[in-house]
Engineer: 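Below are the structure tokens for one structure; questions will follow.
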Amino acid sequence: EVNDPQGAFYLFPKCSSFFGKKDGDRVINNSTDLAMYLLEVGHVATVAGSAFGIEGYIRLSYAASTEKLQAAAERIKNALANLK
């Protein structure tokens, strides 16, 4: 689930389905945990939705080249696949 950006270059995908999931000892409890996990494990910078008053979402910018966005999407996919 994601917003319609209506001219902006940010997306807010819903991420609450990852809350409660783990990678080793690391537990994802909220959007801040997920944003930090994606930064540290996936090497992709996102912003917790809680910073915008919308817990359960993360903010992604798509103001980058197609190649960079594809690489980032692959890193996000791989990091999220580790959460069980």
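For reference, positions follow the sequence shown, starting with 1.
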Engineer: How many angstroms lie between CG in N78 and CG in L38, if you round to the nearest 0.5 Å?
Structural biologist: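 The distance works out to 11.5 Å.
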
Engineer: Do V27 and D33 pass the side chain to side chain contact (heavy atoms under 4.5 Å, CB included) test, and can you show the C-alpha distance, the side-chain angles, and the key distance before you say yes or no?
Structural biologist: CA-CA 8 Å; V27 180; D33 289 347; over 6 Å; no

Engineer: I'd like to check the side chain to side chain contact (heavy atoms under 4.5 Å, CB included) partners of K14; sequence neighbours left out, ordered by chain and number.
Structural biologist: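 K14 satisfies side chain to side chain contact (heavy atoms under 4.5 Å, CB included) with E1, S16, Y57 once adjacent residues are dropped.
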
Engineer: Taking all atoms of both residues into account, what is the closest heavy-atom pair of L60 and P13, and its distance?
Structural biologist: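 Nearest heavy atoms, L60 then P13: CD1-CG, 3.7 Å.
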
Engineer: Could you tell me whether the side chain of I28 reaches within less than 4.5 Å of the side chain of D23, counting heavy atoms only?
Structural biologist: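 D23 does not reach I28 side chain to side chain.
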
Engineer: Over all heavy atoms of both residues, which pair between S31 and E55 is shortest? Give the atoms and the distance, please.
Structural biologist: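 The answer is N-OE2, 2.7 Å.
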
Engineer: Would you give the length of the straight line joining atom CG of N29 to atom NZ of K22, rounded to the nearest 0.5 angstrom?
Structural biologist: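 Those atoms lie 9.5 Å apart.
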
Engineer: Can you tell me how far apart OG1 (T46) and CE (M36) are? Round to the nearest 0.5 Å.
Structural biologist: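 Nearest 0.5 Å value for the OG1-CE distance: 9.5 Å.
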
Engineer: Shortest non-hydrogen contact from A81 to K84?
Structural biologist: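 In terms of heavy atoms, the two residues are closest at O-NZ, 2.7 Å.
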
Engineer: Please report the closest heavy-atom contact between A8 and Y62, naming both atoms and the distance.
Structural biologist: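 Of all heavy-atom pairs spanning A8 and Y62, the closest is O-OH, 2.6 Å.
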
Engineer: Under a 4.5 Å side-chain heavy-atom rule over Ile, Leu, Val, Met, Phe, Trp and Tyr, are L39 and Y37 clustered together?
Structural biologist: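 Different clusters.
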
Engineer: What's the separation between atom CZ in R26 and atom CG in L83, rounded to the nearest 0.5 Å?
Structural biologist: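 These two atoms lie 9.0 Å from each other.
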
Engineer: Could you pull out the closest heavy-atom pair between V47 and F52, with the gap in Å?
Structural biologist: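 Taking every non-hydrogen atom into account, CG1-CE1, 3.4 Å.
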
Engineer: Of all the heavy-atom pairs spanning C15 and L34, show the shortest one and how long it is.
Structural biologist: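 It is CB-CD2, 3.4 Å.
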
